[in-house]
Each structure stands twice: as C-alpha cells, then as structure tokens.
Amino acid sequence: MAIKSRKHAPTRFNQHIGAALAVMLLPVAAQAADPAGQSVPASQQTLNEIKVVGSKENDFKAEKASSPKYTEELVNTPQTIVVIKKELIEQQGALTLTDALRNTPGVGTFFLGENGNTNTGDAVYMRGFDSSGSIYVDGVRDVGSISRDVFNIEQIDVLKGPAGTDSGRGSPTGSINLVSKTASMANTFNSLLTAGSGKQKRATADWNRILDSDTGTALRLNLMTQDSGNPARDEVTNKRWAFAPTVTFGIGKPTRITASYLHVDQNNVPDGGVPTIGLPGYSTPDVATTEQPVIRSFLNGAAKVDTKNFYGSTADYDKVKADMGTLRIDHDFSPNVQLQNTTRYGKTKQDYLLTAFMGSMVNLKTPVPTDPSTWTMARSLRTVKDQENTILTNQTVVSAQFDTGVLKHSVVAGAEFTSEKQTNYSYVPASLGTLPDANLYHPNPRDTVTGHNPVRSGAFTEGEVNTQSLYVFDTVKFGDKWIFNGGVRFDHFNTTYDAVTLQTAVAKDQVQKLPVGTPIPTHLTLNDTLANGKISAMYKPTPDSSVYALLATSKAPPGVNFALSTGANSAQNPNYDPQETTTKEIGTKWDFLKQKLSLSAAVYQTTVKNEVEQDPVISTIYYQTGKKRVEGIEIGVVGEIMHNWLVSAGYTRMNTKVESGKVVTASGINNLSYTPKQAFTSWTSYTLPFGLKIGGGARYVGEMLRGTDGAVGTPARVDAYWVFDAMATYTVNKNLDLQLNAYNLADKTYVAAINKSGFRYTPGQPRSFSLTANIKF
C-alpha cells in the first residue's frame, strides 16, 4: 500500500502510521495463511509484504542537471543552467521543444528564415546566436532541422554560456539537452487525451511495467499520436505519431543496462508566414518603374492581411521520419567510481516542399487598381528540402570521488567517437510546378498547381564530420566554503564535403565549354584539433548558497553545418580559423525553505571573434576580423514558495553589439539580430484544499531587430509584447484529472518570428483553449 507524503523523505508521522497499519494487519495475514482458521505456528506464518512509500509532490525544481559531467547539485554548479521539468511542461500543455523553451527567458524561435526560404524545426536563438545545431538528446547531438515533440521527455536542461568544454563544437552561447523517460521499478499507466482550438486532437500513453523485481528489470513504453490544425493559421497542420520503448536491466544493481528506441513520423503542412504589409515600419520596397511614387502611395497605406491567411498550396508538405536506437551501460565499481557507456545510431529523413511568395510581391501597374481586393502577389514552389542526417556515436565517461589530503575531488573523464553525416538532394526547378499569383487579401491555397512532379536533378551535397574527443573535469572542495572546478576538452575532427552542381550556363571565354546540365563535382576536406577549457571558483556563504566566477571558451570550426566552401566570403572556407568564444560569468545561487525554493542571478559577458567580414574599402577582400559581444544579466527563481504553491520565473536583459565588422541589423542599430533586449517568463500554480489546482503565467519578449540582406522598406524591427496564459486542473477521482488551458488570454496580436528580408512573419498564437483528460492507474 502507498501512503502519500510531501516532497522529501517519509516523515516520522508516516513511518508511525505505516508501522501501526502493519501491526493491525498481522492477524489478517495469519488468518490468510491457514484457510481453515487453525492456529499456525509463528515459524510457519507467511506475511504479505507491506510497503510504505513516500511519493513526491509535483515540483518544478530539479536538484541536478542530468549529465554525468555535472557532479554537483545546481546550487554548487558555477554556471547558468535552467532545468525545465516534466511537471511544468504538462501544466502548461506544452507539446514541442519550442513550447517548453518559453520557460527560460530570451530563448526562442524568433527567426523565420532567409528570403524565400523558411526555417524548419527548432530554429532556436539563445543569447544572440543560433543554437539550432546544439540540441542534444541524453547527451548526444540530435541532428536534423525538425520540430521535436516532448511526449518522451522527462526534463530539458538549458545550458547557457560556454558549452565547448562539455559538448565540443556548436553554438557559442549554449546548448539544450533533452532527457528521455526511462523505466523504473513501478507499475504505472498514464494517458493524456487532449482536444482544443484549431481542431487539436492528441493522445499520449506512458506505461511502465516491472518485468522481474529480483533482477531489477522493467519496461517503459511511450506512445503519441496527434492530428491538429493551428489556431493561428488556416491550412497549417501538425500530424504525427511516435513510439518509444525502453527496457532496463539491473535497476538498483551495480550494473544497469538500458536499451531504448525512438521512432517519430510526421506529415505536416508547413507554414511560410504572411506578408508584413501594413505592419508598423512597413513601406513598399523600392521598385524600378516610373510609376514608383504612385505604387508606394497605395501600398504604404495598405491594410494588414488577415493573419489566418495561408499563401501556400495544398501541394505543400513536411514529411519526417526519425529513428534513434540507444544502448547505455552503467556500472558502479564502488560507491566512489562509476562508469557510463552510451552507443547510439540515429537517422532522420526530411522531405519538405513549401510555396514561397516574393518580397517585391504586389503586382501593381498604372493605372493603379484602387480596389485592394484585386491586388496579387507572385508565388513559387521553390523552398525544397530533401535531407538525410545520420549519427553513430560511442561515449564513455568515468566518474571518481577521492581525497588528497584536505582536498576532496570529483573527477570526470571521458572519450567520445562520433560520425555525423548530412546529405541534401536538389530538384529540377521545372518539375516542382508553377502556381498562379495569389490574391493579397484572399489567397486560395487550392489554386491548381501546374506540372507538379518533383524530380531530383542529380545535384547534391554531402558533408561528413568524424570527431574523436577526450575531456577531463575536476571539482575540488577545500573545506566547507570553497569549491574549485577546472576542465579541458580536445576534439580532433575530420570534415569532408562533396558536392555536385549542374552547369547552368557556358561563358564565352571558357577554355573548355561544358553543355548545360553537366555535373561539376567539388571535394573539400578539413582536419584540425580544437582545445577548449573552463575554470571556476566558488565560495559558499552557507551550505545552501554559493557565489562563483567562471571563465570558459568555445570554438566552432568551418564546416560546423556540414558544408565547406571555396568562397572567400564564406565562413565555411577551410582556410579560415575556427570561430572563438570567451565567456566570463559571475553569479550566485541560493536555496531557501529547506531547499525547496531556488534563486539564481548571474552577470555575463560573451565575446565571439574570428567572424568573416568584408573589407569596407576593397569589396572583394574578406578578413577574419569580425567580433561580437553579448553582455547581460539573468535572474531566476524556481520551486515551492509554500505548501501547494509552485513557481518558475526568469528575467534577462542583454546588451549586444558588433565590436568590429559589419552591423548585422536592418535598422543600422549596432545590436545583434533576433535577440530581445529584455525578456521575462513566469508560471505559478496553487492547489486548493478541495483538489482544484489553478495556475497561470506571463511572458514578455522585448523589441527585436531583424537581420539585413539588402531589403528596403520592410519592418526593421519587431515590437515587444506580453502574453498571458492560465490553467485549471480538477481531480475527479484517483484515476482522472481534467485540465483546462487557456492561451493568450488578452488575444494579443504579435509577431512571433520574422524573416531576414522582413517580407514575411509568423503570427503569434491567438486566444485559444485546450482540454486534457489525464487518466492514470
């Protein structure tokens, strides 16, 4: 039997109650031993096992990051790490990684893509830089530009600042690690059935079963299916299903073996956004016609389009198949020496086609039609992605705790061997078909597509990165007040890049004239060894608090996105040096209320150099003189304020600028693009005595500046916005909870993401609702 208690260990009260119940049940057990009711000698009596279990109350606060590279609790970890737990994700009704990341300030998918192309998947920006290539699952890089579902996720660790020593190449400002659900020694079943705005329909199941209690063997199976529209957009759909079985042998034993598999299948209709015409800051792009002044006068005063409008076609699709198999072995040589070995093979295939609409879009001629309902814009089926990503890795990490005199050491050493490959195929443009122009205010996604029969052209690119890594960290405790940490990592990588392009024209002065369509191969290689390190010092004013200073580095070589280039103006040219990042951070962390509530604050400075920049005088020459800097402060609070009252909140303020090189914003302001100067996020919930749980939160994203690619007239910035959400959960009985979520209560209209040219944007989610039945046994 189970007796529920609060978060921490079973209280004396619970222990006493359990003992009393055991005593009261002794006669019953004895009677059951002899059906005839005869007295049975004590030596022959068999008593049913009685277990007193203390169950944790749902909590937002994690004690540690999941990676074995972090040996200390968060309060003793000298770096900004935000842990987003499953309980918080479920309260908010979050379904994807992008949804969950709203719980950490200043992190999000603010960038829609370049020109006619649209980003796919989790295009995450963090502290001024794209972190999409630094997403990990259980410590292994997860390749592929897809949208990740959280149905099989226990928690999300957001590492802000330097990640080079922990993970190797990647974003200069951090990484994201998704922690998968694993089997446990309990027989449980949980299912979430959700319906809501935008024709949302979703079901998940989480089943855990003990297979053999003696050997510590258990199975866990997570299932998900979804077929939903989008409350903000017409035609856009999210249709996917997935399953994730996991079996663990040796739970509670010195040796534990976990085998897991994940399969995800998506068949979505992607979203290319809507025109920015009519938004604040919009004026029509310059048009090289004699009628330009007349055209501008009409368009500059034009109304906004309906944010639900879909400018794509019913021929658009985003099909994804992802498979990931993992084998993990954990072994405890002793209480002070542990080993973990992880082997994974993953493959992600994405087939994507999206209608693009042109930036100079509106077709107006003199005399200008005075009726806006007749205005049209050009479309083309040109955004294509036929991409395959694979990864094969083996990672070994050894942890050891020992003393040398008065110093207490926690040493972590590891080796990683990884092979990653990405292949992209091109298509014959004419085979994608053509579409008629779309009406600006009333587009028809069912317009007939002519000649749509996609055929690969024979052109492709293939990039492969093989990496061998060694690292070691040492956390040294000197007495009760001081903790020092140092670490170093070496990554030797070999990048190969093969591309086949097709000759499209023949120059008159070519010595050897090639017919149009002739394959032109390219083969480039790059080998190098990167060294990164970090060092920190921490002082503990009290056992539950710390003050620390950190210095760390990260490096990203050319070819980090599986591509190399001979172009002098490309950062992927193998002749260039790696991009180098240095981060300095000073912070403090405090646990209050018997470690139930955590407060953290940090100030940081990140400097990124060796960026490729064009010479301002000689336009054909490029140098690695670019330098960018991000300075900021981040404050967070998470945990239990009082019994039944939980909170998670964070605030950040960032000052960003280009120290040397070209300013990257369209406005000319010396800031980094797609980075809010200020951001705030919060969520709180309280459980009333009669079982009703109420909660809500507020998010603020400050003004952001878009990038520049020469486009003029389009909005150079995105306005700041507030969004308010709410939740109520009622426990019907021990097997059923009902949860109502309300999003964007004020029905705020805002820009969630904007593309580089500023011609297109993604509208934010309008006021919408979902109802979830939580069935549990």
Peer 1: Do the side-chain N and O atoms of Thr606 and Thr583 include a donor-acceptor pair separated by under 3.5 angstrom?
Peer 2: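 Yes - a donor-acceptor pair under 3.5 Å links their side chains.
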
Peer 1: Write down the atom of Glu87, the atom of Asp59, and the distance for their closest heavy-atom approach.
Peer 2: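 Reported closest heavy-atom pair: OE1-O, 3.5 Å.
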
Peer 1: Would you compute the distance between atom CG of Leu219 and atom CZ of Phe249 and round it to the nearest 0.5 angstrom?
Peer 2: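 Reported to 0.5 Å precision, the distance equals 9.5 Å.
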
Peer 1: Only one of Asp318, Asp149, Asp265 forms a salt bridge (Lys or Arg N to Asp or Glu O under 4.0 Å) with Arg240, so which one is it?
Peer 2: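 Filter result, single survivor: Asp149.
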
Peer 1: Rounded to the nearest 0.5 Å, what separation is found between the CG atom of Asn532 and the OG1 atom of Thr165?
Peer 2: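 It is 5.0 Å, given to the nearest 0.5 Å.
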
Peer 1: Show the numbers, then the answer: is there a side-chain contact (heavy atoms from CB on, under 4.5 Å) between Asp737 and Gln739?
Peer 2: CA-CA 7 Å; Asp737 294 340; Gln739 178 172 307; over 6 Å; no

Peer 1: Under 3.5 Å, is there a donor-acceptor pair between the side chain of Asp130 and the main chain of Ser132?
Peer 2: yes

Peer 1: Do Asp323 and Tyr261 have a side chain donor and acceptor closer than 3.5 Å?
Peer 2: yes

Peer 1: Assess the side chains of Asn177 and Ser66: does a donor N or O sit below 3.5 Å from an acceptor N or O?
Peer 2: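 Short answer, yes.
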
Peer 1: Would you call Glu634 and Lys160 a salt bridge, using N to O less than 4.0 angstrom?
Peer 2: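 Looking at Lys160 together with Glu634, the answer is yes, because their closest N to O distance falls below 4.0 Å.
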
Peer 1: Begin with the C-alpha distance, continue with both residues' side-chain angles, and end with the deciding distance and a verdict on side chain to side chain donor-acceptor pair (under 3.5 Å) for Trp683 and Gln91.
Peer 2: CA-CA 9 Å; Trp683 184 266; Gln91 278 196 22; 3.0 Å; yes

Peer 1: State plainly whether the residues Lys69 and Glu416 are in salt-bridge range, i.e. N to O under 4.0 Å.
Peer 2: yes

Peer 1: Using distance alone, with no hydrogens and no angle criterion, decide if Tyr70 and Asp166 have a side-chain donor and acceptor under 3.5 Å apart.
Peer 2: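 Side chains of Tyr70 and Asp166: pair found under 3.5 Å.
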
Peer 1: List the atom of Lys64, the atom of Val83, and the distance in Å for their closest heavy-atom pair.
Peer 2: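 So the two residues come closest at O-CG2, 4.4 Å.
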
Peer 1: Pro270 versus Val236: any side-chain heavy-atom pair under 4.5 Å?
Peer 2: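 No; the side chains remain at least 4.5 Å from each other.
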
Peer 1: Which residues pass the side-chain hydrogen bond (donor to acceptor under 3.5 Å, both in side chains) test with Asp528, sequence neighbours left out?
Peer 2: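 So Asp528 forms no side-chain hydrogen bond (donor to acceptor under 3.5 Å, both in side chains) with any residue.
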
Peer 1: Tell me yes or no: between the side chains of Asn389 and Thr348, is some donor less than 3.5 Å from an acceptor?
Peer 2: no

Peer 1: Evaluate the side-chain proximity of Thr553 to Thr581: yes if any heavy-atom separation is below 4.5 Å, no if none is.
Peer 2: no

Peer 1: Between the side chains of Gln572 and Tyr497, is a donor N or O closer than 3.5 angstrom to an acceptor N or O?
Peer 2: no

Peer 1: Looking at Pro558 and Ala571, what are the two nearest heavy atoms and their distance?
Peer 2: CB-O, 3.6 Å

Peer 1: Return the minimal non-hydrogen interatomic distance between Ala94 and Ala100, and the atom names on each side.
Peer 2: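 What the structure gives for the nearest pair is CB-N, 4.1 Å.
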
Peer 1: Are side-chain heavy atoms of Lys385 and Tyr425 found at a separation under 4.5 Å?
Peer 2: no

Peer 1: How far does CG of Asn152 sit from CZ of Arg220, to the nearest 0.5 angstrom?
Peer 2: 7.5 Å

Peer 1: What I want to check is whether the side chains of Asn494 and Asn466 have a donor and an acceptor closer together than 3.5 Å.
Peer 2: no

Peer 1: So does Lys86 have more than 12 non-hydrogen atoms from other groups sitting under 6.0 Å from NZ?
Peer 2: yes

Peer 1: Roughly how far apart are Tyr352 OH and Gln266 CD, rounded to 0.5 Å?
Peer 2: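 One finds 12.0 Å between OH of Tyr352 and CD of Gln266.
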
Peer 1: Do Leu530 and Pro578 make a side-chain contact, defined as non-hydrogen atoms from C-beta onward lying under 4.5 Å apart?
Peer 2: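 Contact flag for Leu530/Pro578 side chains = yes.
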
Peer 1: Going through the checks in order, is the salt bridge (charged side-chain N to carboxylate O under 4.0 Å, His left out) test met by Arg328 and Asp138?
Peer 2: CA-CA 10 Å; Arg328 192 181 74 198; Asp138 302 320; 5.8 Å; no

Peer 1: Determine the minimum heavy-atom distance between Leu550 and Pro78, stating which atoms define it.
Peer 2: CD2-O, 3.4 Å

Peer 1: Is any side-chain heavy atom of Val137 closer than 4.5 Å to a side-chain heavy atom of Arg344?
Peer 2: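 In contact.
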
Peer 1: Quick one: do the Ser171 and Ser134 side chains pair a donor with an acceptor below 3.5 Å?
Peer 2: no

Peer 1: Do the charged groups of Asp351 and Lys349 touch, with an N to O distance under 4.0 Å?
Peer 2: no

Peer 1: Does any pair with a residue in residues 247-259 pass side chain to side chain donor-acceptor pair (under 3.5 Å), and if so which ones, sequence neighbours excluded?
Peer 2: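 Counting only pairs at least two positions apart or across chains, the side chain to side chain donor-acceptor pair (under 3.5 Å) contacts touching residues 247-259 are Thr248-Thr258, Thr255-His331, Arg256-Asp332.
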
Peer 1: Do Thr467 and Ser469 have side-chain atoms, one donor and one acceptor, less than 3.5 Å apart?
Peer 2: no

Peer 1: Under a plain distance cut-off of 3.5 Å, with no hydrogens placed, do Arg699 and Thr681 share a side-chain donor-acceptor pair?
Peer 2: no

Peer 1: State whether a side-chain donor-acceptor pair under 3.5 Å links Gln401 with Ser410.
Peer 2: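 The answer is no; no qualifying pair exists.
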
Peer 1: Is the closest side-chain donor-acceptor distance between Asn341 and Asn394 under 3.5 Å?
Peer 2: yes

Peer 1: Are Asn238 and Gln226 close enough that a side-chain donor and a side-chain acceptor fall under 3.5 Å?
Peer 2: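 Absent: no donor and acceptor within the cut-off.
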
Peer 1: Are a donor atom and an acceptor atom from the side chains of Gln387 and Thr423 found within less than 3.5 Å of each other?
Peer 2: no

Peer 1: Taking the six-membered ring for Trp, are the ring centroids of Tyr125 and Tyr674 within less than 6.0 Å of each other?
Peer 2: yes

Peer 1: Just do the salt bridge (charged side-chain N to carboxylate O under 4.0 Å, His left out) check on Arg141 and Glu420 with the steps written out, would you?
Peer 2: CA-CA 9 Å; Arg141 192 187 307 273; Glu420 302 166 83; 3.3 Å; yes

Peer 1: Are side-chain heavy atoms of Phe562 and Val560 found at a separation under 4.5 Å?
Peer 2: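 Side chain of Phe562 against side chain of Val560, heavy atoms only: no contact under 4.5 Å found.
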
Peer 1: Determine whether the side chains of Asp157 and Gln155 contain a donor N or O and an acceptor N or O closer than 3.5 Å.
Peer 2: yes

Peer 1: Taking side chain as C-beta onward, heavy atoms only, is Ser147 less than 4.5 Å from Asp122?
Peer 2: yes

Peer 1: Hey, could you give me the CG/OG distance between Leu392 and Ser419, rounded to the nearest 0.5 Å?
Peer 2: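 Between atom CG of Leu392 and atom OG of Ser419 there are 6.5 Å.
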
Peer 1: When you compare the side chains of Asn424 and Asp386, does any donor N or O come within less than 3.5 Å of an acceptor on the partner?
Peer 2: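 No, no side-chain donor-acceptor pair sits under 3.5 Å.
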
Peer 1: Of all the heavy-atom pairs spanning Leu74 and Ala62, show the shortest one and how long it is.
Peer 2: CD1-O, 3.5 Å

Peer 1: Would Thr98 and Thr96 satisfy side chain to side chain donor-acceptor pair (under 3.5 Å), going step by step from the backbone distance to the final call?
Peer 2: CA-CA 5 Å; Thr98 297; Thr96 65; 4.6 Å; no

Peer 1: So how far is it from Lys85 NZ to Asn103 CG, rounded to the nearest 0.5 Å?
Peer 2: 13.5 Å

Peer 1: Would Asn230 and Thr237 satisfy side-chain contact (heavy atoms from CB on, under 4.5 Å), going step by step from the backbone distance to the final call?
Peer 2: CA-CA 6 Å; Asn230 186 322; Thr237 61; over 6 Å; no

Peer 1: One pair to check against side chain to side chain donor-acceptor pair (under 3.5 Å): Asn774 and Asn190. What are the steps and the verdict?
Peer 2: CA-CA 7 Å; Asn774 184 355; Asn190 178 254; 2.5 Å; yes

Peer 1: Go through the steps for Glu388 and Gln422 under the test side-chain contact (heavy atoms from CB on, under 4.5 Å), then give the verdict.
Peer 2: CA-CA 6 Å; Glu388 183 176 287; Gln422 182 180 98; over 6 Å; no

Peer 1: Does some side-chain heavy atom of Leu101 sit less than 4.5 Å from a side-chain heavy atom of Asp99?
Peer 2: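 No; the side chains remain at least 4.5 Å from each other.
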
Peer 1: Does NZ or CZ of Lys534 lie under 6.0 Å from the centre of the six-membered ring of Phe473, at an angle within 45° of the ring axis?
Peer 2: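 The answer is yes; both the distance and angle limits are met.
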
